[in-house]
Amino acid sequence: MQLSFNFPSPIETILFEGERFFLKRDDLIHSDFSGNKARKFYYYVMHDFPEIQKIVSSGSNQSNAMYSLSVLAKVKGWDFEYFVDHIPDYLREYPQGNYKAALKHGMKIRVQNPGLRAQGEGELWIEEGGRQREAEVGVGLLAEEIVAWQQEQGINSLKVFLPSGTGTTALFLQKNCLLLTAGRSLKTAIFTTPCVGDAAYLKKQFLELEVDEAWHPMILDLEKKYHFGKLYRESYKIWLKLRHQTGVEFDLLYDPKGWMTLLAHLELLEGPWLYVHQGGVLGNESMLPRYERKYKDLTSENNREQYNKLCE
Ligand SMILES: *Cc1c(COP(=O)(O)O)cnc(C)c1O
């Protein structure tokens, strides 16, 4: 496998719910290694690490970071050891999505707490979700691409939206946009919403990476609490609508909350808006059947009419 990245990733115009948005297609960076994980792990792709033989990381058994690390390990010729707290029986029996793809790339999965194990020689340890300072290198490139495009388009003030997990991408994006636009008439403001914890958790994550709050993105949120990985009817609905109206497949874990939050704030915050598609579509392979089973009425052929009405 060769990694040649489609940089700069394209920016398209989409219409959603009657509004115009620019869409940064980071999902098209590479067919096997896309989205913000390609940005976050770019530093490791670009440099040689002669002393490293193995990546060690941990997190959930379906995470996008896990899959991306399996690609990185394969390209580098490294081993990849990944720690999870459990693997459901059905997943063991019928591997799918990120889990299946990562195993195919040679991932060794361990059901065990990695904190109990000392770091061995030749091991590169990566924080859960790629929450690392090294992520700033690739995310800085994303900032460069956005600011250069913004200038080319003559957009003085741009608002950028992306949903957060660890918040690493949003934070480094805001910081680097501020650095790039300092002393210029351009303004690039980053807005995000927490998908994993609440706003207080996300703020804490920002502070761990950057103590100066002047560099932090703006956090927007919804009144209702959404739990990560839970299947909400409105999440599935907005995902279906997005696919129907824009022809783009978004991720099912982060993007539904992202778009719901952005739509809820449009009246308050004037655009133009650029939404960053951060990839993760491979994970839909395991999420989508779960949604389809749970909300048959939105899915089944019998209800095609109702579905079309929903999407109008
Ligand atoms: C990992 C991921 C995120 C979260 O990125 P953070 O840098 O952890 O905030 C958002 N969307 C998708 C599709 C992802 O894979």
Side-chain angles (χ1 to χ4, degrees), residues 9 23-30 32-43 57-72 97-99 101-102 126-143 160-176 190-199 201-210 215-221 226 228-229 235 238-239 242 248-262 275-288:
S9 66
L23 181 65
K24 179 80 171 154
R25 300 292 305 268
D26 266 14
D27 56 318
L28 303 179
I29 288 175
H30 189 279
D32 291 311
F33 196 177
S34 75
N36 72 345
K37 303 308 178 295
R39 302 281 186 187
K40 286 164 91 169
F41 299 137
Y42 184 67
Y43 170 84
S57 189
S58 64
S60 95
N61 54 49
Q62 274 297 7
S63 96
N64 297 329
M66 169 192 77
Y67 171 65
S68 299
L69 287 174
S70 79
V71 176
L72 178 65
N98 286 322
Y99 177 78
I126 306 267
E127 291 266 348
E128 177 166 359
R131 191 168 61 89
Q132 308 255 131
R133 293 207 169 273
E134 288 82 357
E136 186 163 4
V137 175
V139 177
L141 273 183
L142 172 60
V160 178
F161 191 93
L162 69 170
S164 278
T166 65
T168 310
T169 312
L171 177 86
F172 286 139
L173 187 57
Q174 179 64 87
K175 184 179 168 191
N176 282 271
I190 312 299
F191 295 79
T192 189
T193 192
C195 295
V196 174
D198 58 8
Y201 158 84
L202 185 57
K203 191 74 190 168
K204 215 173 121 224
Q205 299 280 308
F206 289 161
L207 284 167
E208 272 182 32
L209 290 168
E210 177 57 62
W215 301 109
H216 290 192
M218 182 81 86
I219 299 175
L220 304 177
D221 211 352
Y226 286 87
F228 192 63
S235 303
I238 201 167
W239 183 87
L242 279 161
V248 178
E249 182 176 353
F250 285 88
D251 138 279
L252 273 161
L253 277 171
Y254 299 90
D255 287 324
K257 169 92 190 280
W259 279 105
M260 282 193 280
T261 308
L262 177 51
Y275 189 97
V276 184
H277 191 322
Q278 302 182 90
V281 173
L282 182 62
N284 291 353
E285 203 182 286
S286 55
M287 287 299 286
L288 191 53

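Just follow the structure's listing: the first ligand is 1, and inside any ligand the first atom is 1.
Of all atoms in ligand 1, listed by their number and element, those nearer than 4.0 Å to a heavy atom of T166 are 6 (P), 7 (O), 8 (O), 9 (O). The atoms of ligand 1 that sit less than 4.0 Å from any heavy atom of G279 are 13 (C). Of all atoms in ligand 1, listed by their number and element, those nearer than 4.0 Å to a heavy atom of K37 are 1 (C), 2 (C), 3 (C), 14 (C), 15 (O). Interface of N64 with ligand 1, defined as ligand atoms under 4.0 Å from a residue heavy atom, comprises 13 (C), 14 (C), 15 (O). Counting the atoms of ligand 1 from 1 in the order shown, those under 4.0 Å from a heavy atom of K40 are 5 (O), 6 (P), 7 (O), 8 (O).
Relative ring orientation between Y254 and F228 is described as tilted, the plane-to-plane angle lying within the 30° to 60° band.
For ligand 1, the polar-atom distance check against T169 finds a nitrogen or oxygen pair separated by under 3.5 Å. Where the criterion is an N or O separation shorter than 3.5 Å, residue side chain and backbone included, G165 meets it with respect to ligand 1. Checked by distance only, ligand 1 and P163 stay at 3.5 Å or farther apart across all their nitrogen or oxygen atoms.
Within the 4.5 Å cutoff, the side chain of Y42 has no heavy atoms near those of the I29 side chain. Using a 4.5 Å heavy-atom threshold, the side chains of D255 and P163 count as touching. Considering only heavy atoms from C-beta on, Q278 stays 4.5 Å or farther from R39 through its side chain.
Here the options are T168, N36, L142, the test is side-chain contact (heavy atoms from CB on, under 4.5 Å), and the partner is L173; only L142 passes.
Here the heavy atom of the protein found nearest to atom 12 (C) of ligand 1 is Y254 CD1, 3.4 Å.
Taking the six-membered ring for Trp, Y67 and F33 have ring centres at least 6.0 Å apart.
Contacts with ligand 1 closer than 4.0 Å are made by side-chain heavy atoms of N36 only, the backbone lying farther away.
Under the 3.5 Å distance criterion, with hydrogens and angles disregarded, a donor-acceptor pair is assigned to the side chains of N176 and E136. No side-chain donor from either of D27 and S34 sits under 3.5 Å from a side-chain acceptor of the other.
Taking a 4.0 Å cut-off on heavy atoms, G35 fails to register as neighbouring ligand 1. The shortest heavy-atom distance from R131 to ligand 1 is not under 4.0 Å. Note on ligand 1: A170 sits outside its first shell, no heavy atom being nearer than 4.0 Å.
Looking at D198 and K203, no side-chain N of the basic residue comes within less than 4.0 Å of a carboxylate O on the acidic one, giving no salt bridge.
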